[in-house]
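Note that these values count all heavy atoms, side chains included, but never hydrogens, waters or copies made by symmetry. Sequence lines set the chain letters: A, B, ... in the order given, protein chains first and strands last, and positions in each chain run from 1.
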Amino acid sequence: MNYWLMKSEPDVFGIEHLKAMPKKTEHWDGVRNYQARNMMRDDMKRGDQVFFYHSNCDEPGIVGIMEVVREGYPDHTAHDPESKYYDPKSDPDNPRWYMVDVKYKRTLKRVITLNELKTYKSLEDCPLVRKGNRLSIMPLTKKQWDFILSLETRKAKA
DNA sequence: GCCAACGTTGGC
DNA sequence: GCCAACGTTGGC
């Protein structure tokens, strides 16, 4: 099993949106970055665990957990001229962009903020805390996953 | 294939 | 709203 972190802006699609979806499941569309695309297309497997991260908001951080329920398949929004994710260069017969389906599992007891994550030595290799990192999907090691999860019931660090 | 210009992400 | 970082595009 693999572990991941996926970013989304809570104003656009936050964890509450996912929770409110039918079957608490939604496709993760709109990713237009090749590195992230490759991970969704090739590496994310059903049952993989994913942290839901809120970006571009008052308190950026990890807010919950979801699970991959459908493996990579073409992102249809790339071929919809009405969509803001429309990409005229993607050929429907040879789709350029992929997505996965994720299902809401639970909301963490507290938000583990980026600010806090940055203070831990054991996470210094995680792309998330590196300056200028813009990857919206990133893999986590089991160690990193377990460590972050252990923070949930710990008191927030200043 | 280089690289400048441009666009986007996302923290602050 | 600013701007640093970085990906993408396109001229050459």
Q: Figure out the CG/P separation between A:Asn133 and C:dA5, and round it to whole Å.
A: 13 Å
Q.
In this structure, how many angstroms lie between the C1' atom of B:dT9 and the NE2 atom of A:His54, rounded?
A. 17 Å
Q: Look at the side chain of A:Arg96 and the backbone N and O of A:Arg32, then say whether any donor-acceptor pair between them is shorter than 3.5 Å.
A: no
(Q) Nearest heavy atom decides the nucleotide; on that basis, is A:Arg134 or A:Lys89 closer to the 5' end of DNA chain C? (A) A:Arg134
Q: Rounded to the nearest angstrom, tell me the gap between atom NZ in A:Lys131 and atom C1' in B:dC12.
A: 11 Å
Q) Could you give the CG-to-P distance, from A:Leu135 to B:dT8, as a whole number of Å? A) 18 Å
**Q.** Interatomic distance, A:Arg130 CZ vs B:dG10 P [rounded to whole Å]
**A.** 16 Å
**Q.** d(NZ, A:Lys7; C1', C:dA5) in whole Å
**A.** 12 Å
Q | Point-to-point distance, once rounded to the nearest 0.5 Å, from CG of A:Leu18 to OG of A:Ser8 | A | 9.5 Å
Q. Looking at A:Tyr53, does any N or O in its side chain come under 4.0 Å of the phosphate oxygens OP1/OP2 on B:dG11?
A. yes
Q: Round to the nearest Å and state the distance from A:Leu5 atom CG to B:dT9 atom C1'.
A: 15 Å
(Q) Just verifying a value: how many Å separate A:Tyr34 OH and A:Tyr98 OH, rounded to the nearest 0.5 Å? (A) 12.5 Å
Q | Rounded distance (Å) that lies between atom P of B:dC12 and atom CD of A:Glu116 | A | 14 Å
Q | Short side-chain donor-acceptor distance under 3.5 Å, A:Asp80 and A:Tyr85 | A | no
Q. Relative to the 5' end of DNA chain C, which residue comes earlier, A:Asn56 or A:Gly132, by the nucleotide with the nearest heavy atom?
A. A:Asn56
